[in-house]
Number of protein chains: 2
Amino acid sequence: MQKQEILSKNQKIILDLIEKSDQPLKAYSILFDVKKKGINAPLQVYRALNKLVKIGKIHKIESRNAFIACKNSKCQIAKATVFSICESCEDVTEIHDHKLSEHLRDFKDNKGMKYNKYNLEFFGLCKKCI
Amino acid sequence: MQKQEILSKNQKIILDLIEKSDQPLKAYSILFDVKKKGINAPLQVYRALNKLVKIGKIHKIESRNAFIACKNSKCQIAKATVFSICESCEDVTEIHDHKLSEHLRDFKDNKGMKYNKYNLEFFGLCKKCI
DNA sequence: TAACGCTGTGTAATAATATAACATATTTAA
DNA sequence: TTAAATATGTTATATTATTACACAGCGTTA
Ligand SMILES: [Zn+2]
Ligand SMILES: [Zn+2]
Ligand SMILES: [Zn+2]
Ligand SMILES: [Zn+2]
């Protein structure tokens, strides 16, 4: 079982917005949208985003500087993420592939490094854009 | 065989600098270093960086907004990159693992997406930092 | 030769992304 | 009930990256 995190006011507002979008949102577009709810400054947004990433409610798409909700209620980890990104329409999908996860979890380099996290981004063209 | 790209003056200066560092460099730190060579503006740096990424001479570490030289003279592709990143000392190493590459190359999602590129970043603690 | 496309350069201005620093409030735990 | 941890609000600033414009050099080709 996962620890049930209790979210603060700002965290709830921002998570709510991100969950309503099925595509990644950028910090300043979030800021624009939550101004009507009384969140006025970038830092308020970034603080909430950082927390939400930390507890696995959202993920950051590093190559896009954007944030997407995690749909996988079971895992709730920010530690092992895989995304596919369409370079034409910018559609992003989180991938949960058991075999791939196993492979990545078990990966060992030859330098004795201890991993606790990874992020994998696939780029290409989605079915609509081919 | 790879096409031998002929680099321009600015591209050479900046590749040279990045190749001399075994760790990723940030764009504005590069800018600072190449001012003595007559490169004065961010855009001159970013233009060279973009080209060097495109031809596979360097890679961008997305989670760090930094650029590292590709040591793998044989591949010279910007299309399949794997890095390990120490979250304590920020040491970055490019990983070339045949089995992992195969696995990633062959990965198919269930949405019919056609991939032409991926980037994988492992995070953890290196031997020195454990 | 002249016209064109392509790539690169130089410069100024600005956009987009993210954090530092400070003061205060609220919740949690010893 | 005091202390620690977490969250808030605000201002200012740092960092990362692009737009827009003018022009130079090179190879193709009409
Ligand atoms: Zn997820
Ligand atoms: Zn698409
Ligand atoms: Zn490489
Ligand atoms: Zn380290």
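Each chain gets a letter, A, B and so on, in the order its sequence line appears, and its residues count up from 1.
Between the C1' atom of C:dT27 and the CG atom of A:Leu7 lies a distance of 15 Å, rounded to the nearest Å. The CD1 atom of B:Ile55 sits 13 Å away from the P atom of C:dT7 (whole-angstrom rounding). Summarising the geometry, the separation between NZ on B:Lys37 and P on C:dT9 is reported as 15 Å, rounded to the nearest angstrom. Atom CD1 of A:Ile61 and atom C1' of C:dA16 are 18 Å apart (whole Å). Rounded to whole angstrom, the span from the CD1 atom of B:Ile6 across to the P atom of D:dG27 amounts to 9 Å. At whole-Å resolution of the value, CG in B:Leu52 and C1' in C:dG8 are 13 Å apart. For the pair B:Glu62 CD and C:dA18 P, the interatomic distance rounds to 12 Å; values are reported in whole Å.
Between A:Gln44 and D:dT8 there is no side-chain N or O to OP1 or OP2 distance below 4.0 Å. Neither OP1 nor OP2 of D:dT6 sits under 4.0 Å from any side-chain N or O of A:Lys9. For B:Asn40 and C:dT11, the shortest distance from a side-chain N or O to OP1 or OP2 is below 4.0 Å. Between B:Ser8 and the phosphate of C:dT9, there is a side-chain N or O to OP1/OP2 separation shorter than 4.0 Å. The side chain of A:Asn10 contributes an N or O atom lying less than 4.0 Å from OP1 or OP2 of D:dG9.
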With a 3.5 Å cut-off and sequence neighbours excluded, list the donor-acceptor pairs that the side chains of residues 37-48 of chain A form with protein atoms.
residue, atom, partner, partner atom, Å
A:Asn40, ND2, A:Gly38, O, 3.2
A:Gln44, OE1, A:Asn40, N, 2.9
A:Gln44, OE1, A:Ala41, N, 2.9

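A:Gln11 comes within contact range of the sugar-phosphate backbone alone, with a heavy-atom separation under 4.0 Å but no base atom that close.
Screening residues 119-130 of chain B for side chain to side chain donor-acceptor pair (under 3.5 Å) gives B:Ser63-B:Glu121, B:Thr81-B:Asn119, B:Asn119-B:Glu121 as the qualifying pairs, with residues at least two apart or on separate chains.
Applying the side-chain contact (heavy atoms from CB on, under 4.5 Å) criterion to A:Asp97, with sequence neighbours excluded, gives A:Ile95, A:Lys99, A:Leu100, B:Phe107. Taking the side-chain contact (heavy atoms from CB on, under 4.5 Å) definition, one finds that A:Ser21 meets it with A:Gln23, A:Leu25, sequence neighbours left out.
Side-chain contact between B:Ile14 and B:Ile58: absent, with no pair of heavy atoms (C-beta onward) separated by less than 4.5 Å. Between A:Lys117 and B:Glu87, the closest side-chain pair of non-hydrogen atoms falls below 4.5 Å.
Taking 4.0 Å as the cut-off between side-chain N and carboxylate O, B:Lys71 and B:Glu94 do not count as a salt-bridged pair.
Mapping A:Lys51 and A:Ala41 onto DNA chain D by nearest heavy atom places A:Lys51 closer to the 5' end of the strand.
Looking at A:Lys26, its side chain does come within 3.5 Å of a backbone N or O of A:Arg64 through a donor-acceptor pair.
Axis angle across the helix from C:dT1-D:dA30 to C:dA30-D:dT1, with five pairs used at each end and values rounded to 10°: 30°.
In plain terms, the two heavy atoms of B:Leu120 and A:Leu104 that are nearest each other are CD2-CD2, 3.6 Å.
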Practice prompt. Starting at the 5' end of nucleotides 16-22 of chain D, put B wherever the base has a protein heavy atom under 4.0 Å, S where only the sugar-phosphate does, and a dash everywhere else.
Written response: BBBBB--
